[in-house]
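Everything on this sheet refers to the single structure shown next.
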Amino acid sequence: MQTNGQRPLMEAKNLKMYFNIKRKGKLHAVDNVSFEIYPGETLGLVGESGCGKSTIGNVTMRLLKATGGELLFEGEDVFQAKVKESQAFRRKMQIIFQDPYSSLNPRKTVRKILREPYEVQHMGTSEQIDQMVDKLCERVDIPPNLLDHYPHELDGGMRQVVGIARALSLNPKLIVCDEPVSALDVSVQAQILNLLKDLQEQYGVSYLFIAHGMAAVKHISSRVGVMYLGKLVEVAPSDEIFERCMHPYTRALMSSIPIPDPFYEKKRIVLRGEVPNPIDPPSGCKFHTRCERACERCKTEEPALREITLGHFAACHFA
């Protein structure tokens with residue numbers, strides 16, 4: 001699925017994440033998903049709740065042990081890394097969590113939270129670490145007077161900025177952003193997204209940006225991957241997918257985006273039925289139970305994620 005001559009920073013090959021559900025079987029949260037992320041780019045992952053977006057982020061960071069597949073970072077297999085190698089990978093790969101309140105230790109001040117990554121990685125003396133924390137706060141505009149505050153004393157936006165600062169502290173090459181703005185007010189969302197874009201331009205960091213808000217994804221993403229029931233169904237450059245999406249599920253997602261014009265009548269595509277049970281997913285195309293164009297072939301033959309036009313991939317027999 002390579003889109004240019006660059007070597008991928010990270011490459012996922014046939015990722016699988018199944019959960020054993022007692023007396024019911026296996027829940028297919030992520031099922032044979034492959035993608036690449038290139039240096040300095042943002043890959044956005046979108047889809048309905050429960051489609052496997054956050055699970056991919058957790059598997060990428062090894063917060064969950066993958067059922068199968070490979071994850072290559074700069075050509076090295078992350079899943080096969082030993083203890084010392086894993087510590088080196090953690091300096092290169094970081095994560096921003098969805099809820100900034102629960103992801104920050106309530107018993108530590110902002111200063112102690114930001115010192116911790118440097119201390120764990122043994123990156124200097126106490127005085128040197130204090131200097132690094134001060135420089136880090138300058139990068140993300142955390143006022144010095146907040147360093148001795150606790151997370152509960154900050155508003156939601158500033159808590160998330162602290163989470164971003166913690167992720168940036170070790171100068172990673174890749175940051176997984178797991179719905180980093182979904183719990184914030186709209187005005188604060190814009191500030192966080194602009195901060196992420198500015199930091200990317202300054203330091204060349206890559207993002208795996210997981211979200212269900214299409215506006216946020218469009219604003220920050222270089223490429224967009226659309227997920228449905230644990231599968232990638234479409235991947236394309238951001239402008240391309242918003243203007244000329246090819247998969248029927250993606251078209252339904254796009255039709256749900258509100259347009260701030262009271263005189264514009266937009267045709268909404270309403271999907272029939274419910275999302276199938278991931279414990280017992282349908283055969284063939286996973287979307288055929290809700291697709292108006294589905295035929296017998298769709299019920300028996302699973303479509304491959306294939307390149308339809310340059311850099312635009314879709315998993316649909318009719319694309």
Side-chain angles (χ1 to χ4, degrees), residues 6-20 29-43 45 52-100 102-105 107-108 112-126 128-129 132-133 136 139-140 162-180 196 199-200 203-210 225 230:
Q6 280 186 303
R7 180 184 177 184
L9 176 67
M10 187 182 77
E11 187 174 7
K13 296 181 179 181
N14 303 317
L15 280 189
K16 296 179 183 178
M17 186 66 231
Y18 302 158
F19 295 95
N20 290 317
V30 178
D31 199 5
N32 272 323
V33 170
S34 300
F35 60 89
E36 299 92 18
I37 300 177
Y38 293 88
E41 82 155 352
T42 300
L43 175 65
L45 274 186
K53 307 184 301 295
S54 292
T55 303
I56 284 181
N58 289 330
V59 168
T60 299
M61 295 302 302
R62 297 182 70 184
L63 298 176
L64 292 172
K65 185 178 180 180
T67 305
E70 293 180 274
L71 185 69
L72 304 179
F73 189 89
E74 296 183 323
E76 298 182 43
D77 193 336
V78 176
F79 294 159
Q80 301 302 320
K82 297 180 180 178
V83 176
K84 288 187 177 180
E85 295 168 336
S86 295
Q87 189 170 12
F89 278 126
R90 291 189 188 103
R91 291 184 65 166
K92 299 176 182 178
M93 303 167 63
Q94 288 290 313
I95 185 169
I96 301 169
F97 294 96
Q98 177 179 359
D99 184 358
S102 62
S103 64
L104 300 178
N105 191 332
R107 308 179 85 174
K108 290 187 176 182
K112 289 182 179 179
I113 288 171
L114 297 182
R115 281 178 57 93
E116 189 171 25
Y118 300 114
E119 292 170 346
V120 170
Q121 294 286 339
H122 308 291
M123 294 184 64
T125 64
S126 180
Q128 289 171 332
I129 290 175
M132 287 187 279
V133 168
L136 180 64
R139 287 169 67 180
V140 296
V162 172
I164 292 172
R166 181 176 61 181
L168 283 169
S169 58
L170 302 177
N171 295 316
K173 295 184 178 181
L174 173 74
I175 297 178
V176 175
C177 306
D178 186 10
E179 303 200 27
L196 290 172
L199 292 169
Q200 186 175 55
Y203 303 104
V205 62
S206 300
Y207 297 130
L208 174 60
F209 189 86
I210 299 164

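Keep in mind the model is a prediction, meaning the values are calculated, not measured. What's counted below: heavy atoms across the whole structure, side chains too, no hydrogens, waters or symmetry copies.
Across every non-hydrogen atom of C177 and L196, the tightest pair is SG-CD1, 4.5 Å. Closest of all the heavy-atom pairs between D178 and S54 is OD1-OG, 2.8 Å. The nearest pair of heavy atoms linking I96 to P180 is CG2-CB, 4.0 Å.
Contact check for I56 versus L208: side-chain heavy atoms found under the 4.5 Å cut-off. Side-chain atoms of L199 and I175, non-hydrogen and from C-beta on, never get closer than 4.5 Å to each other. A heavy-atom distance below 4.5 Å is not found between the side chains of S103 and Q98. Counting heavy atoms from C-beta on, the side chains of V140 and L168 come closer than 4.5 Å. By the 4.5 Å heavy-atom criterion applied to side chains, R166 and L114 are counted as neighbours.
The side chain to side chain donor-acceptor pair (under 3.5 Å) contacts involving residues 57-67 comprise R62-S86, where partners must be two or more places apart or lie in separate chains.
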Could you give me the CA-CA distance, side-chain angles and deciding distance for I37 and Y207, then say whether side chain to side chain contact (heavy atoms under 4.5 Å, CB included) is met?
CA-CA 8 Å; I37 300 177; Y207 297 130; over 6 Å; no
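In this structure, OG in S169 is found 6.0 Å from CD in Q94, a value given to the nearest 0.5 Å. To the nearest 0.5 Å, atom CD1 of residue I210 and atom CG of residue L45 are 5.5 Å apart. In this structure, the separation between CZ on F209 and CD on E179 is 8.5 Å, given to the nearest 0.5 Å.
Under the salt bridge (Lys or Arg N to Asp or Glu O under 4.0 Å) criterion, E85 pairs with no residue, sequence neighbours left out. Listed by chain and number, the residues in a salt bridge (Lys or Arg N to Asp or Glu O under 4.0 Å) with K16 amount to none (sequence neighbours excluded). For R91, the side chain to side chain contact (heavy atoms under 4.5 Å, CB included) partners at least two apart in sequence or on another chain are Q121, M123, L170. Every residue two or more places apart in sequence or in another chain was checked for a salt bridge (Lys or Arg N to Asp or Glu O under 4.0 Å) with R90, and none qualifies.
Panel note: side chain Q200, backbone V205; a donor-acceptor pair is recorded below 3.5 Å. Judged by distance alone, the side chain of S206 and the main-chain N or O of L174 form no donor-acceptor pair under 3.5 Å.
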Show me, pair by pair, the donor-acceptor contacts under 3.5 angstrom made by side chains of residues 69-78, not counting sequence neighbours?
| unit_1 | atom_1 | unit_2 | atom_2 | d |
| --- | --- | --- | --- | --- |
| E74 | OE1 | K92 | NZ | 3.3 |
| E74 | OE2 | K173 | NZ | 2.5 |
| D77 | OD1 | F79 | N | 3.0 |

